[in-house]
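Every value quoted in this text rests on a predicted model; they were computed, and no experiment measured them. What's counted below: heavy atoms across the whole structure, side chains too, no hydrogens, waters or symmetry copies.
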Amino acid sequence: MRTDRSGPALRVVLAEDSVLLRDGLVALLTRCGHQVVAAVGDATALVAAVEEYGPDIVVTDVRMPPAFQDEGLHAAVRLREKRPTLPVLVLSQYVQRAYAADLLDSGDGTGVGYLLKDRVGQVEEFVDALRTVADGGTVVDPEVVRQLLRRRRDPLERLTPREREVLALIAEGKSNAAIARDLVVSDAAVGKHISGILTKLDLPPADDTHRRVLAVLAYLRA
């Protein structure tokens with residue numbers, strides 16, 4: 001997964017019902033060199049804006065008018081049914097495992113992100129996540145990852161505590177080098193842990209980092 005913020009400016013459609021947060025995101029994205037081609041406050045307007053502007057990425061809240069349930073997420077999933085490769089970064093106030101699973105299962109499985117809104121306050125992480133998703137990567141909030149891991153407690157019993165740590169970091173979209181830095185171990189040790197994880201979870205090994213993350217997430221949401 002890419003974790004830098006380099007690359008061309010992105011054309012963004014933003015959907016957020018809170019005017020303050022919406023304006024703040026527009027300002028942040030503009031300051032980072034991206035173009036917000038539409039900033040809307042409900043799911044109907046989101047779908048219309050995507051059809052009109054054909055953005056590089058969609059950033060949307062989960063709960064939006066009129067019922068404030070999962071309108072934003074459902075709109076994102078519908079959009080990815082029409083355009084399977086449309087990158088979508090969903091923001092949520094709370095962890096909703098079912099919402100995360102629906103998003104990860106949408107489209108062709110690439111270019112999706114699910115972050116808690118608290119993560120927006122960590123500007124570098126948010127902008128990095130935006131770029132990763134736009135590039136076709138997968139980013140899942142660490143808290144969502146932890147809940148998915150707890151949900152799959154039995155199958156994960158084969159993993160050592162260290163392998164669980166590595167798996168959680170993989171699912172967050174971190175590279176081998178980033179995992180090594182976080183855990184203060186060597187790159188070779190990380191590679192060994194990943195090989196063990198894939199073997200114990202009966203997942204096919206792959207050189208491509210993105211495919212590896214998708215494989216792990218596919219197992220977690222099964």
Side-chain angles (χ1 to χ4, degrees), residues 5 7-108 110-144 147 173:
R5 287 170 284 163
L10 299 171
R11 298 174 67 255
V12 183
V13 164
L14 170 65
E16 167 60 54
D17 65 284
S18 168
V19 176
L20 287 177
L21 181 54
R22 185 167 69 237
D23 289 349
L25 285 170
V26 170
L28 171 61
L29 292 168
T30 301
R31 188 167 68 247
C32 292
H34 303 303
Q35 179 186 7
V36 180
V37 295
V40 301
D42 62 72
T44 300
L46 166 60
V47 173
V50 170
E51 292 177 351
E52 179 176 356
Y53 294 102
D56 299 315
I57 187 170
V58 168
V59 179
T60 181
D61 190 8
V62 169
R63 298 184 176 186
M64 302 181 72
F68 292 97
Q69 294 182 356
D70 53 4
E71 291 87 349
L73 177 84
H74 280 183
V77 172
R78 290 198 306 273
L79 287 168
R80 282 173 60 83
E81 288 174 352
K82 294 181 179 179
R83 290 178 53 188
T85 60
L86 174 67
V88 172
L89 177 58
V90 167
L91 305 178
S92 179
Q93 189 70 40
Y94 309 101
V95 178
Q96 299 283 358
R97 289 183 302 194
Y99 292 161
D102 286 345
L103 179 67
L104 293 168
D105 286 332
S106 67
D108 66 352
T110 66
V112 289
Y114 187 100
L115 295 180
L116 296 183
K117 287 186 177 180
D118 289 347
R119 199 70 53 189
V120 177
Q122 303 176 32
V123 175
E124 289 190 5
E125 288 189 27
F126 172 69
V127 175
D128 287 346
L130 183 82
R131 174 61 64 184
T132 297
V133 172
D135 287 347
T138 302
V139 177
V140 183
D141 193 278
E143 183 58 30
V144 177
Q147 293 214 18

So how far is it from [X] [atom1] to [Y] [atom2], rounded to the nearest 0.5 Å?
X    : Y    : atom1 : atom2 : result
D23  : L14  : CG    : CG    : 9.5 Å
H74  : T60  : NE2   : OG1   : 12.0 Å
L89  : R131 : CG    : CZ    : 12.5 Å
H34  : D56  : NE2   : CG    : 10.0 Å
L10  : L29  : CG    : CG    : 9.0 Å
D141 : L116 : CG    : CG    : 4.0 Å

Check step by step if side-chain contact (heavy atoms from CB on, under 4.5 Å) holds for L115 and V90.
CA-CA 6 Å; L115 295 180; V90 167; over 6 Å; no

The single option from V36, I57, V37 passing side chain to side chain contact (heavy atoms under 4.5 Å, CB included) against R11:
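The residue from V36, I57, V37 that satisfies side chain to side chain contact (heavy atoms under 4.5 Å, CB included) with R11 turns out to be V37.
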
Any donor and acceptor pair, going by atom type alone, linking the side chain of D70 with main-chain N or O of V62 inside 3.5 Å?
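Side chain of D70 to backbone of V62, a donor-acceptor pair under 3.5 Å: no, none is there.
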
Heavy-atom pair of closest approach, residues [X] and [Y]:
X    : Y    : value
T138 : T132 : N-CG2, 4.3 Å
T85  : R80  : C-NH1, 4.5 Å
V26  : A39  : CG2-CB, 3.9 Å

When you check the gap from the basic side-chain N to the acidic O, do R63 and E16 get nearer than 4.0 Å?
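Answer for the salt bridge query: no.
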
Could you check whether D61 pairs with K117 (Lys NZ or Arg NE/NH1/NH2 to Asp/Glu carboxylate O, under 4.0 Å)?
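Yes, charged N to carboxylate O under 4.0 Å.
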
List for me each residue that meets side-chain contact (heavy atoms from CB on, under 4.5 Å) alongside V77, sequence neighbours excluded, and say none if there are none.
L73, E81, S106

Those residues that, when tested against P84, pass side-chain contact (heavy atoms from CB on, under 4.5 Å) (two or more places apart)
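P84: side-chain contact (heavy atoms from CB on, under 4.5 Å) contacts with D108.
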
Which side-chain N or O atoms in residues 43-55 pair as donor and acceptor under 3.5 Å with protein atoms at least two apart or in another chain?
residue, atom, partner, partner atom, Å
E51, OE2, K82, NZ, 3.3

Evaluation steps, side-chain contact (heavy atoms from CB on, under 4.5 Å), between L79 and V88
CA-CA 9 Å; L79 287 168; V88 172; 5.8 Å; no

Heavy-atom check, side chain of D42 versus side chain of V40, under 4.5 Å:
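They are not in side-chain contact.
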
Quick one: are Y114 and V133 in side-chain contact, heavy atoms under 4.5 Å?
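SC-SC contact between Y114 and V133 ruled out.
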
Test side-chain contact (heavy atoms from CB on, under 4.5 Å) applied to F126 and V139, step by step:
CA-CA 10 Å; F126 172 69; V139 177; over 6 Å; no

